[in-house]
Each structure stands twice: as structure tokens, then as C-alpha cells.
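Input: a single structure, listed below in C-alpha cells.
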Amino acid sequence: MEKKVALHNLGCKVNAYETEAMEQMLEEAGYQIVPFAPGADIYIINTCTVTNIADRKSRQMLHKAKKMNPDAIVVATGCYVQVGKERLKKDDAIDLVVGNNKKKDLLSILDAYIQGKAGDRDEVLDMKEALEYENLQLSQTGEHTRAYLKVQDGCNQFCSYCIIPYARGRVRSRNKEEVLAEVNRLTANGYQEFVLTGIHLSSYGIDCGDSLLSLIQAVHSMEGVKRIRLGSLEPRIITEDFARALADMPKICPHFHLSLQSGCDETLRRMNRRYSAGEYREKCGLLRQVFDNPALTTDVIVGFPGETEKEFQESREFIDGIRFYETHIFKYSRREGTRAAAMENQIQEAVKAQRSRDLIALGELHQREYMESFLGKEVEILFEETVSIQGKSFWTGHTREYIRAVAETDQDLENVIARGTVRGFSTKDTIICEI
């Protein structure tokens, strides 16, 4: 009888890609994929370790799996496994620990364990070693119109607050031909929009003499690809040549996520971010120069160790000046094993919370301002599914700028790219379009 497997993902888009790839691998091998609920024979949890809270959630989910079926095989994989394997190996709720760069071997690891041939339940590589890119593959995803493409792994940056270089290892790039082969499989299954993603996407190619721009151009040339989005970018990759090359490719969506973290130079220096606020502003200016009203989004950490009220206000004024479409605000979370965790002048939680509320409110003003700039204008929407709003049925999708849009129509618009005129707002983050 085929074994039932339930998978659960924690963390980022890269983790989500890897979870879907493992699910596809298991299904092709004859396993039955079932919901993450009681009754599975095997539970696989792809863990996250970006914060101490993420570690705790990972442990809680692993214990939840064992409670749902005490006789099931519980597998911990992913980033928390890399930094917490000693604790996990002693945990009776966990049967197998499978680290990063070993997910591709999941079938053989499971088979050996089931057959009682596994000599050790520890399948974790030392991420300090030079590793090859782990080639996981997809031919379909959980979404029906948009596909995330993992093209890169690892990070060489070592920001002072971040544990990820220790959990993911050094930069490793996916072979371009393998990326294009995956795009071929996905376009054959109807996917039109592709999001290039990685742990540190901007580093793509530095380990193999290639470049992110070259990869983007190769994907852009493929028939069936209608839209290309880029995952989070480091500001330093945005040169005039890079920006103009992107603008020359009509499939590139004018939606760019540039990690900021702080608009204060002193805070950026303690974070080891390797650029200044002035340099960041210049990069935003380049994108706005070559694209018509692009959506610029970012991440900001408040309450980083040593962030004085003066530094916070400097960062706030900088953010107010850039006027992002979306600003994702995170309260600094002390992560054991990072340099920032040992820094003096840790900020009180109440102060972090107040600063977070302040920037969230500011970000909502900027978001509304950006969305209002489209009123009366025509936008292109990739429709995805129907939703019910106040008892009426609407098709919903996203514009090229990744603004959520809805349209009331009797047409079947699933996976259809159409143009519509912006007439108003459904919610604070959704526009109403007439098509």
C-alpha cells in the first residue's frame, strides 16, 4: 500500500519552492500526498531559522506532527536543521534530520530508513564546505498562473543580524540550461509569469562566471514567457547599464524589491549592509528614470541594537522621501549566533513596537498615494481566480506592478492577461478595474 506523506513549509519563497519540489519528487515515486493533518505515515517539515521565533515555530510544528500520528516518520529538513541539528537529534519526536543540499536525496534517505538500513538519522552537510547547487526541479506549482524559479542558493554577505549564511552556505548558482529547461516545462503547463528567486539573487553567477542579467535575458527570450519578476535585489546591482538593459526587455515587470533595512548610515554600518543611504537613493532614482512609475518595495528593520531616536528619525525621513509602494516593517529579533545578538544597547520591545507602528502607518500612506496614481489609467492584469466581495463575484489578479486588482465580469479570465481601466479601490491594497 502506498505511503501517505504530508508536507508543511515554514519560511521564505525559496523554502516554498523546495517544499513543492520535494512533494513532486515523492508523488512521482508513488507516495500519496495528503493534507498536513492526522492520518499521514510520513510528515516532512521544511523549517526556517531566520529568527529565534522561527526556530520555536519549527520545533512546535515537528511536535505537532508526532502528536497527529505517534507511529509516523517525522522528518525535519531545511534551515533550522543546519543550525539546530544537535538539539533535534536528541528530540524523540523527530525520526530524521535532513539538512540543506540533501533534500535532493530525500527518496533514498527515506527508503533506507524505512528498510531499517539507515546507520544514522543525521543527514546534514557542513555548509562551510564548498558545495554544488542542489538541483531540485518543478513542472507545476501550487499557483496556477505564476511560477517561482529558484535559481540561486547561499549568501556571502554576513549581515550582522543574519544567520542565513551559516544555514545556507556560500553562493551557488543553478545551471542556466537547467533553469531554461524548467521554464520550458512550466510554460508547457500554462504558466505565463515567472519570479526569479534565491537566497541572495543578486549574486547569481559570481561562482561560475555568469550573471543575473544574462540569466534574465535568456528567460526573456523564451516563447511562452509573458512576464518576469525579480525577487529581492541588493541595491548595488542596480547600475545604469543594468537598469537600462531591464527596461529594454518588455516582459520585465516594473516591480522591484530593494532591501533597505535602514535609512541611517550609522545603523547600516552596524548591520554590515555595505552601502549608504545616499547610494540606495541613487539606485531608486535610476529605476524611476528608466521605468514609468515602477513599484518600489522594501524591508526595514526597526530597533536594531544601538538605534537611537535620532537614528530612527533619520531613517524615517529617508523612507518618507523615497515613498515606496510597499514597506515591510520588521522589529529587530535577537538571533543567537549572530554578531548583532552580542551587541550592546539592545532596544526595549516597547520602543521597537512604537517605531514599527509609526513606519507601518507611514508606509500605508505611501501605498495609497502610489495606487491613486493609477486612477483613470489603463493597466495590464494577469487574472488568477474568482473572489466574492459583498456578495458579488469578481475576478482577481495582479498588475505588472504587482498591485492586486479585481474586475466584475461574466468572462472566464483564469490565467488570462487583459487590460483594464482603474476606477477605484476595493480595499486599501486592491484596485477595481473595468475591462
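- Relative ring orientation between Tyr325 and Tyr370 is described as tilted, the plane-to-plane angle lying within the 30° to 60° band.
- Taking the centre of each ring, Phe324 and His366 stay at or above the 6.0 Å mark.
- Across all their heavy atoms, Cys48 and Ser58 have their closest contact at O-OG, 3.1 Å.
- Within the model, atoms CD1 of Ile33 and NZ of Lys4 stand 12.5 Å from one another, a figure rounded to the nearest 0.5 Å.
- Using a cut-off of 4.0 Å between Lys/Arg side-chain N and Asp/Glu carboxylate O, Lys226 and Glu380 are scored as not salt-bridged.
- Ionic pairing of Glu132 and Arg172 is not present here: no N-O contact between side-chain nitrogen and carboxylate oxygen is shorter than 4.0 angstrom.
- Using a distance-only test at 3.5 Å, with no hydrogens or angles considered, a donor-acceptor pair links the side chain of Tyr43 to the main chain of Ala40.
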Please lay out, stage by stage, how Tyr204 and Arg174 fare under the test side-chain hydrogen bond (donor to acceptor under 3.5 Å, both in side chains).
CA-CA 8 Å; Tyr204 178 87; Arg174 188 176 185 182; over 6 Å; no

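- Residues Thr298 and His328 have side chains not in contact (no heavy-atom distance under 4.5 Å, counting atoms from C-beta outward).
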Sequence neighbours excluded and cut-off under 3.5 Å, please list the side-chain donor-acceptor pairs for residues 209-216, or say none.
unit_1	atom_1	unit_2	atom_2	d
Asp210	OD1	Ser214	OG	3.3
Asp210	OD2	Lys176	NZ	3.4
Ser211	OG	Ser214	N	3.1
Ser214	OG	Lys176	NZ	2.5

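- Both tests pass for Arg368 against the ring of Phe425: distance under 6.0 Å to the centre and angle within 45° of the axis.
- Nearest heavy-atom pair, Asn293 versus Ser373, reported as atom, atom and distance to 0.1 Å: ND2-OG, 3.1 Å.
- Two residues are said to be in side-chain contact when any heavy atoms from C-beta on lie closer than 4.5 Å; Leu362 and Arg316 meet this criterion.
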